[in-house]
Each structure stands twice: as structure tokens, then as C-alpha cells.
Amino acid sequence: MKDKLNIVIVGGGSTWCPGILKSLTKHQDIFPLNRVIMFDTDAERQAVIGEFGKILFREEAPEVEFDYTTDKDVAYEDVDFVLCQIRTGGYDMRSKDEKIPLHMGLIGQETVGAGGMAYGIRSMTDMIEIVKDVRAHSPKAWIINYTNPAALVAYGLQKAFPKEDHILNICDQPVNLLRSYGRLLGRDSSEFEPVYFGLNHFGWFTHLYDKDGVDLVPTIKKFVKENGFKPVDAEQRDQSWLDTYAMVADMLQDFPDYLPNTYLQYYLYPKYKLAHLDPDYTRSDEVINGREKRVFAECRRVAEVGTAKDSSVVQNDAHGDMIVEVSSAIYRNTRQTFIVMVKNDGIVKDFPDDAMVEVAASVGVNGPQPYAVGEIGTFYHGLMVNQYSYERLAIEAYFEHSYEKALQALTLNRLVNDAKDARAILDKLIEANKDYWPELS
Ligand SMILES: NC(=O)c1ccc[n+]([C@@H]2O[C@H](COP(=O)([O-])OP(=O)(O)OC[C@H]3O[C@@H](n4cnc5c(N)ncnc54)[C@H](O)[C@@H]3O)[C@@H](O)[C@H]2O)c1
Ligand SMILES: O=P(O)(O)OC[C@H]1O[C@H](O[C@H]2[C@H](O)[C@@H](O)[C@@H](O)O[C@@H]2CO)[C@H](O)[C@@H](O)[C@@H]1O
Ligand SMILES: [Mn+2]
């Protein structure tokens, strides 16, 4: 590997991009940089973050070449790591993913339920194009992907590029949960060794060992049952995220085996969530009126005053830190443990080999080497088989342009379930996504 790396951030106009830029400047000791380029299809949106980036790099890492572009040939040439997080259709389409199902009395969300399927099918065409474009310029670059719904994207990319061994799909929710456990225990979460299994946004911590090999899960469970649960950055969170974390106490009350991923709230308590969600003001509205406004206003302010020294644009470092630390572990072959998505291939017993499971893995120069999970209980196995089957059918619907498979996928989805509801919502999603989905027949 080179002494200094060339990086491209795909989705340079993302609200999470400033956090990645900041993390890149701060981790140069473990991830040395020669060049950082941002790439986005929306020039105007990206320019705001790009101008912030210019100032940040001038102040924090002046030796690094920094720029932003909408030209693929410039972005992808001679690149070592591609850090990817795009949103096909933007927040307008996210809003539809949430509101169309809710108006029918069903849960829809960025990565969950019928909305999650709509977004997954939208993401696939762009993600496949990105991989092909990268490979045309940089055959060996590592592609580290955050793009959601990561479960569907990971499964779809594996089907589209079965020989690829340099794509790694990641999610920052497990690491945020680890940091949140660290906060409640008053301990440094970077010392924790997690044991985790599931699908993306659909998993559980079974153990969490400290440096002395003591499992902290029983203490965390007891604490959460008695005191509730808050995210590590509770003071900066919108109400919907505080409500989400609070549901972990309910999940532990009903299913005390393991510590659940927060997204399981939708699958386990759909009636409760439906009763507490407003179909006319959803998470996308919160983001549009909150994080998006704040990030873009702050980047514009930095550009105006000409310094990023006192900038508060990044409120939670976990997202930026994870993608940079995973990349560094590959570059330096550190074999640190991260929770990432990998092909099952026997990790979870009696589970399909081609499923993209989310588990703890040691990450080094050859990518993730997952730790075995083995047998899981009937309840968890049943939930996962159902979810995997939905994911697989949704992706097959995309590749085969199959209405029938899309209908099967939605009917299997725990948050739809009824075949007549599935057909009605599928027809609405087809109409709403006509500029993005392949024609299903
Ligand atoms: N895996 C995770 O845990 C995790 C965590 C946070 C965010 N995300 C994902 O990251 C993505 C970005 O989220 P956001 O809220 O910042 O969205 P955003 O809309 O603010 O940013 C997405 C950017 O991607 C750009 N884009 C769209 N299509 C593109 C393409 N084909 N090529 C290049 N750029 C393209 C858009 O123009 C936009 O600037 C989403 O998919 C989100 O779900 C994932
Ligand atoms: O609703 P959003 O856009 O705020 O977030 C959706 C994402 O939620 C998870 O990300 C967490 C993330 O784990 C954490 O780093 C932190 O900064 O907050 C995010 C939520 O605000 C989830 O893992 C992602 O997949 C979602 O896109
Ligand atoms: Mn995630």
C-alpha cells in the first residue's frame, strides 16, 4: 500500500459529509492522506459542503490536496478508498417512503417496512453504477458503503458483483449503541469487545466483554430496565430518536435475552409505533427542518468567516469516525473488531449462506474476517429468516423487474403482512417511484 492515500467521498453533499471530513483530518496518524475529493451528482448542494471542506483542510491538513467535483473521471482516478453515502431521490423521496405507508396504517421508514423496500430499489441502480464507475478507474479501490437501506444494498451488490471482495457495507448504529452503553456505564466503549448477530438494523448484542473478559450485558440490561436508555448524544437528539432509544427498555422487558438494535422497535411494536407517529410530519420533516438546515447554514457561515476553528457543524463523531477507522484497519491491517455486513457462509447456523448478516469481524488488509455466531434461538432465527426472505425477494424483484416478487416481498414483510395491503401499497410505491424504479411486470 501507498504511504499516503487518495480518497473519494461519494455523496459529497450529504449532511454526514462534514463529519467524515473532520474525521479524516483528525485521523491522519492512522489514515495518512495524499488527496481527498468529494463527488456528488448535485453540484449546488455539494459546493456548500465543499467550500467548508476547503477551509477545514487548509486549517487542519494543508499538505492534503482537497477538492470537489461532479466529474467521475476526476473523482475516481487512482483512488484507494471510496467512502460512499448517497441518497437517491433525496429527502423528498424519503418523505414519501415514510408517509405513503403511514397514511395506509402501515409503518414505513428509511430502512424499514414498505418505505424501506421503496428506498432499496431506488438505491440499487445508482449503487451499481457507482461500483462500475469506480472499477473502470480504480480496479483495486476499497468501497466502504453507508448507503441505505444497507441490508438491501449489501445483498443487491453481492448479487450484482459476486466476485467482488473489496466492497464493505457498514452501519454506524451498533457503534452508537456501544458508545451509549459506555456513557451509561461511565466507561470507554472503545475497550468493549462485542458479540453481535443479525441482519442490518435487525440484530442483537449477546455479549459485551471488557478488557478483563467480564460480560457487561447483564449490568446494562439491569440499568436499562431500572433507568431507561438514552443515546450517547442525547442532548443533541430530536425527540423521535429519544423515543426510539426509550423503546429498548420495553424490548428488554419482553425479550430479555439480548440487547436489541433500536430498529427492532418497528417490527416488535408496530401498533404502538403507528399510534405514536404523525403521518403528516415524519422523520424526514424533522431532518429537513433540523440537521439539513443546521449543517448547510453552518457550512455557509464557515465559508463566510473563512475559518472552521470554532465550528459546531459536527455534533456526533461516531459516523465519521467509524468509516475512517474501518478504512484505517484495512490499510494498516490492524485486525480490530468492528460490526459489519458480510456474507453468512455458515457464520449463523442454519441460515442461508448468501444472506448478508451483520456480525463482529476482525478487519484487516483482506477485509473482514467474521467471528462465528453458531446456533441462535428459535425466536431470533424465525425473525431473521422472515426478514432475509423479504430482503431477497425485494432484490430479486429489482433484478428480474418482477411485480410478483415485489408483492411477495411486501406480503412477507412483518410491517405489511396482508396481501391486499401489499398490493395496494406496491401500486402506490410504483407510481411514486416511477422516475427511479425499473418497470415491474
Ligand atoms: N449505514 C448507516 O448507518 C448510515 C448512517 C447515516 C446515513 N446513512 C445513509 O447515508 C446516505 C446519506 O444520508 P444523508 O441523510 O446525509 O442524505 P443527503 O440527501 O443529505 O445526502 C446524500 C447526497 O447524495 C447525493 N447523491 C444522490 N445520488 C447520487 C449519486 N448517484 N452519486 C453521487 N451522489 C449522489 C445527493 O445529491 C446528496 O448530496 C443515506 O443513504 C443514509 O441513509 C447510513
Ligand atoms: O433519521 P436520521 O437521518 O437522523 O438517521 C437515520 C440513520 O440512523 C442511524 O444512524 C444514526 C447513527 O447511528 C449515528 O451515528 C448518529 O449520528 O445518528 C444517526 C441518526 O441520527 C442509522 O444507523 C442509519 O442507517 C440511518 O440512516
Ligand atoms: Mn444504519
Side-chain angles (χ1 to χ4, degrees), residues 8-20 23 38-50 68-70 72 75-76 82-95 97-98 109-112 116 119-120 122-131 133-134 144-154 168-180 199-203 231-234 236-238 240-242 244-245 261-263 282-288 290-293 295-296 314-323 339-341 358 436:
V8 60
I9 301 176
V10 184
S14 157
T15 53
W16 299 104
C17 187
I20 296 181
S23 196
M38 289 164 38
F39 170 78
D40 202 292
T41 44
D42 183 335
E44 214 182 308
R45 186 179 177 90
Q46 173 170 252
V48 180
I49 314 274
Y68 57 93
T69 182
T70 52
K72 291 174 183 179
Y76 297 140
V82 178
L83 312 184
C84 182
Q85 44 173 10
I86 63 158
R87 187 183 290 286
T88 303
Y91 290 123
D92 281 354
M93 289 307 294
R94 177 175 179 178
S95 172
D97 295 339
E98 295 162 348
Q109 211 264 356
E110 185 190 29
T111 63
V112 164
Y119 185 25
R122 275 205 311 281
S123 296
M124 279 319 301
T125 305
D126 280 352
M127 286 305 303
I128 288 171
E129 185 177 321
I130 287 167
V131 173
D133 289 340
V134 169
I144 316 291
N145 179 54
Y146 263 137
T147 303
N148 267 323
L152 292 180
V153 169
L168 181 56
N169 295 282
I170 61 171
C171 166
D172 59 13
Q173 192 64 1
V175 86
N176 264 275
L177 290 169
L178 290 174
R179 288 185 181 201
S180 305
L199 299 159
N200 178 236
H201 290 184
F202 203 92
V232 59
D233 53 348
Q236 280 110 41
R237 287 281 176 156
D238 291 326
S240 66
W241 271 105
L242 298 176
T244 293
Y245 273 70
N261 189 297
T262 55
Y263 281 86
T282 55
R283 177 63 190 151
S284 56
D285 298 299
E286 249 181 8
V287 174
I288 291 164
R291 184 176 69 240
E292 191 186 32
K293 272 210 173 81
V295 165
F296 281 84
V314 183
Q315 293 189 332
N316 178 338
D317 290 339
H319 180 88
D321 287 351
M322 182 179 182
I323 200 164
I339 295 168
V340 295
M341 281 159 253
E358 194 166 48
Y436 303 97

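As a basis for the values below, the full set of heavy atoms in this structure was taken, side chains included, without hydrogen atoms, waters or symmetry mates. The first residue of the sequence shown is numbered 1, and numbering continues consecutively from there. Numbering of ligands and ligand atoms starts at 1, following listing order. Since we're looking at a predicted model, the values are computed, not measured.
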Tell me the nearest of Val10, Val295, Asn200, Thr41 to atom 29 (C) of ligand 1, using heavy-atom distances.
Thr41
Quick check on contacts: which atoms of ligand 1 are under 4.0 angstrom from a heavy atom of His319?
5 (C), 6 (C), 7 (C)
Describe, in one word, how the ring planes of Trp241 and Tyr263 are oriented to each other, choosing from parallel (under 30°), tilted (30 to 60°) and perpendicular (over 60°).
perpendicular
So the atoms of ligand 1 within less than 4.0 Å of a heavy atom of Asp42 turn out to be 37 (O)
Taking only heavy atoms of Thr15 into account, list the atoms of ligand 1 that are under 4.0 Å away from them.
14 (P), 15 (O), 16 (O), 20 (O)
Please identify which of these residues, Arg122, Gln109, Glu110, meets the side-chain contact (heavy atoms from CB on, under 4.5 Å) condition with Asp97.
Arg122
So the protein N/O/S atoms within less than 2.8 Å of the Mn ion (ligand 3) come down to Cys171 SG, His201 NE2
Within the structure provided, determine whether Tyr76 and Val10 are in side-chain contact (heavy-atom separation under 4.5 Å).
yes
What do you reckon, does Glu110 have a nitrogen or oxygen under 3.5 Å from a nitrogen or oxygen of ligand 1?
yes
Hey, mind stepping through Asn261 and Phe202 against side chain to side chain contact (heavy atoms under 4.5 Å, CB included) and telling me if it holds?
CA-CA 6 Å; Asn261 189 297; Phe202 203 92; over 6 Å; no
Evaluate the criterion side-chain hydrogen bond (donor to acceptor under 3.5 Å, both in side chains) for residue pair Thr70 and Gln46; output intermediate values, then yes/no.
CA-CA 9 Å; Thr70 52; Gln46 173 170 252; over 6 Å; no
May I ask you to check if ligand 1 and Tyr91 share an N or O to N or O distance below 3.5 Å?
yes
Can Arg45 and Thr15 be said to form a side chain to side chain contact (heavy atoms under 4.5 Å, CB included), step by step?
CA-CA 10 Å; Arg45 186 179 177 90; Thr15 53; 4.0 Å; yes
Quick one: look at Asp126 and ligand 1, take heavy-atom pairs under 4.0 Å, and tell me if it's side chain, backbone, both or neither.
side chain
Heavy atom of the protein closest to atom 21 (O) of ligand 1 (residue, atom name, distance)
Ser14 CA, 3.1 Å
Give the residue and atom name of whichever protein heavy atom lies nearest to atom 7 (C) of ligand 1, and the separation in Å to one decimal.
Trp16 NE1, 3.3 Å
Please indicate whether any nitrogen or oxygen in Phe39 is less than 3.5 Å from any nitrogen or oxygen in ligand 1.
no
I'd like to know whether ligand 1 has Gln46 as a neighbour, heavy-atom separation below 4.0 Å.
no
Mind checking whether Ile170 has a heavy atom under 4.0 Å from ligand 1?
yes
Evaluate the side chain to side chain contact (heavy atoms under 4.5 Å, CB included) criterion for residues Thr88 and Thr147: first the C-alpha distance (whole Å), next the side-chain angles of each, then the deciding distance (0.1 Å), finally the verdict.
CA-CA 9 Å; Thr88 303; Thr147 303; over 6 Å; no
Among all the protein's non-hydrogen atoms, which is closest to atom 22 (C) of ligand 1, and how far away is it?
Arg87 N, 3.5 Å
Is the closest N or O pair between Arg94 and ligand 1 shorter than 3.5 Å?
no
What do you reckon, does Gln173 have a nitrogen or oxygen under 3.5 Å from a nitrogen or oxygen of ligand 1?
no
With atoms numbered from 1 as shown, which atoms in ligand 1 lie under 4.0 angstrom from a non-hydrogen atom of Gly11?
24 (O), 34 (N)
Is there a polar contact, in the sense of an N or O pair closer than 3.5 Å, between Thr147 and ligand 1?
no
Salt bridge or not for Asp233 and Arg179, using N-O below 4.0 Å?
no
Report yes or no: does a heavy atom of Arg291 sit under 4.0 Å from some atom of ligand 1?
yes
Contact residues of ligand 2 with a heavy-atom cut-off of under 4.0 Å?
Trp16, Arg94, Glu110, Asn148, Cys171, Asp172, Gln173, Asn176, His201, Arg237, Trp241, Tyr263, Arg283, Val287, Arg291, Asn316, His319
